[in-house]
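Take a look at the structure below.
All residue numbers in this chain count up from 1 along the given sequence.
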Amino acid sequence: MRSRLICLLALLFALPAVAERKHSVGEYDVHYIAFNSGFLQPDIAAAAGLVRSKTQGVVNLSVLKSGKPTAAQVSGTVKNLLGQDYPLDFKQLKEGDQAIYYLAQFPFGSRETLRFNLNVQPAGAPAINFDFSQEFFPDE
C-alpha cells in the first residue's frame with residue numbers, strides 16, 4: 001500500500017512543465033501541490049493517514065538539494081479571503097533515500113481562493129519562505 005501512495009505522490013509531481021509548481025532558492029528546490037483530498041483513493045488516503053472529504057484539502061511538498069531529496073522542518077498557514085488563518089501541521093513521509101514528502105491537511109468550506117504561507121527550513125540551511133494562492137472547489 002505504501003508503494004501505491006508513493007506512486008500517487010510521484011504522479012502528482014509528474015505534471016507537465018507548464019503546470020510545475022516550484023520555488024527555488026540557491027541549490028534548493030521546493031516542489032509543491034495542493035488538492036482536494038476527495039481525489040485520493042480510500043486506500044491511498046488511509047496509508048498516508050489523510051482524511052478524504054469534499055471539504056478537506058492536502059498540501060504536499062518535497063525539498064530537493066541539487067536534485068536529491070533532503071530533510072527539512074516545514075510549517076505554514078493557510079488563509080481564506082476573510083482573513084481566517086488555519087495552521088498547517090506537516091507530517092513527513094519517507095521512501096528510503098529516494099523521496100521525502102511533507103503532507104498537511106486543511107479545511108475549506110465552499111468554493112474559495114486560499115493563500116498559503118510556507119516556511120521550509122532545510123537541514124543546515126537558511127529558511128525558505130514563500131506564498132502561493134489556489135482556488136478550491138468542494139466535491140459535488
Side-chain angles (χ1 to χ4, degrees):
M1 203 176 302
R2 185 173 173 92
S3 63
R4 291 172 75 189
L5 173 65
I6 296 305
C7 288
L8 171 72
L9 295 175
L11 286 173
L12 291 173
F13 283 117
L15 298 172
V18 174
E20 180 179 30
R21 298 190 87 176
K22 175 175 77 169
H23 184 81
S24 298
V25 174
E27 59 189 335
Y28 292 95
D29 292 324
V30 180
H31 294 262
Y32 59 95
I33 187 169
F35 56 93
N36 189 316
S37 68
F39 295 149
L40 294 170
Q41 294 297 318
D43 57 335
I44 301 296
L50 299 172
V51 175
R52 291 181 73 237
S53 170
K54 65 181 182 177
T55 58
Q56 285 283 313
V58 177
V59 62
N60 175 6
L61 66 86
S62 64
V63 183
L64 303 176
K65 179 181 180 182
S66 303
K68 296 183 181 182
T70 189
Q73 294 292 322
V74 181
S75 62
T77 59
V78 61
K79 183 185 291 192
N80 64 19
L81 293 176
L82 296 175
Q84 298 166 314
D85 277 333
Y86 183 82
L88 295 170
D89 183 23
F90 284 90
K91 59 183 167 184
Q92 184 186 77
L93 206 108
K94 198 170 185 180
E95 181 67 22
D97 294 334
Q98 297 180 8
I100 304 171
Y101 299 101
Y102 298 91
L103 304 167
Q105 281 203 270
F106 55 89
F108 63 96
S110 60
R111 177 181 174 183
E112 61 185 316
T113 299
L114 300 177
R115 182 164 180 85
F116 295 81
N117 176 269
L118 300 178
N119 181 337
V120 179
Q121 175 82 51
I128 300 168
N129 297 298
F130 66 99
D131 298 330
F132 73 95
S133 295
Q134 185 168 323
E135 190 170 13
F136 284 84
F137 303 86
D139 285 344
E140 297 294 321

Are there over 12 heavy-atom neighbours, none belonging to Q73, within less than 6.0 Å of that residue's CD?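 Open: at most 12 neighbouring heavy atoms sit under 6.0 Å from CD of Q73.
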Atom CG of D85 and atom NZ of K79: how far apart are they, to the nearest 0.5 Å?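 So the CG of D85 and the NZ of K79 are separated by 4.5 Å.
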With sequence neighbours left out, write down each residue that passes side-chain contact (heavy atoms from CB on, under 4.5 Å) with L81, or none if nothing qualifies.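 In terms of side-chain contact (heavy atoms from CB on, under 4.5 Å), with neighbours along the sequence ignored, L81 is linked to T113.
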With sequence neighbours left out, what residues match Q98 under side-chain contact (heavy atoms from CB on, under 4.5 Å)?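 Listed in chain order: nothing, the list is empty.
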Taking only residues at least two apart or on different chains, which pairs with a member in residues 29-40 satisfy salt bridge (charged side-chain N to carboxylate O under 4.0 Å, His left out)?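 Pairs touching residues 29-40 that pass the test: none.
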Compute the ring centroids of F136 and F108, then answer whether they are less than 6.0 Å apart.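 F136 vs F108: aromatic centres under 6.0 Å.
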Going by heavy atoms in the side chains, are [X] and [Y] under 4.5 Å from each other?
X   : Y    : value
K91 : Y102 : no
L64 : P69  : yes
L61 : V74  : yes

Could you check whether any side-chain N or O of N36 sits under 3.5 Å from a backbone N or O of F39, counting only pairs where one atom can act as donor and the other as acceptor?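 A pair under 3.5 Å: no.
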I'd like to check the ring pair (Phe, Tyr, Trp, His ring centres under 6.0 Å) partners of F90; sequence neighbours left out, ordered by chain and number.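 Ring pair (Phe, Tyr, Trp, His ring centres under 6.0 Å) list for F90, sorted by chain: empty.
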By ring pair (Phe, Tyr, Trp, His ring centres under 6.0 Å), which residues pair with F130, not counting sequence neighbours?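 Ring pair (Phe, Tyr, Trp, His ring centres under 6.0 Å) list for F130, sorted by chain: H23, Y32.
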Run the side-chain donor-acceptor check on residues 114-125: report pairs under 3.5 Å with partners two or more places apart or on a different chain.
unit_1: R115; atom_1: NH1; unit_2: S133; atom_2: OG; d: 3.4
unit_1: R115; atom_1: NH2; unit_2: D131; atom_2: OD2; d: 3.0
unit_1: N117; atom_1: ND2; unit_2: D131; atom_2: OD1; d: 2.5
unit_1: N119; atom_1: ND2; unit_2: N129; atom_2: OD1; d: 3.3
unit_1: Q121; atom_1: NE2; unit_2: A125; atom_2: O; d: 2.2

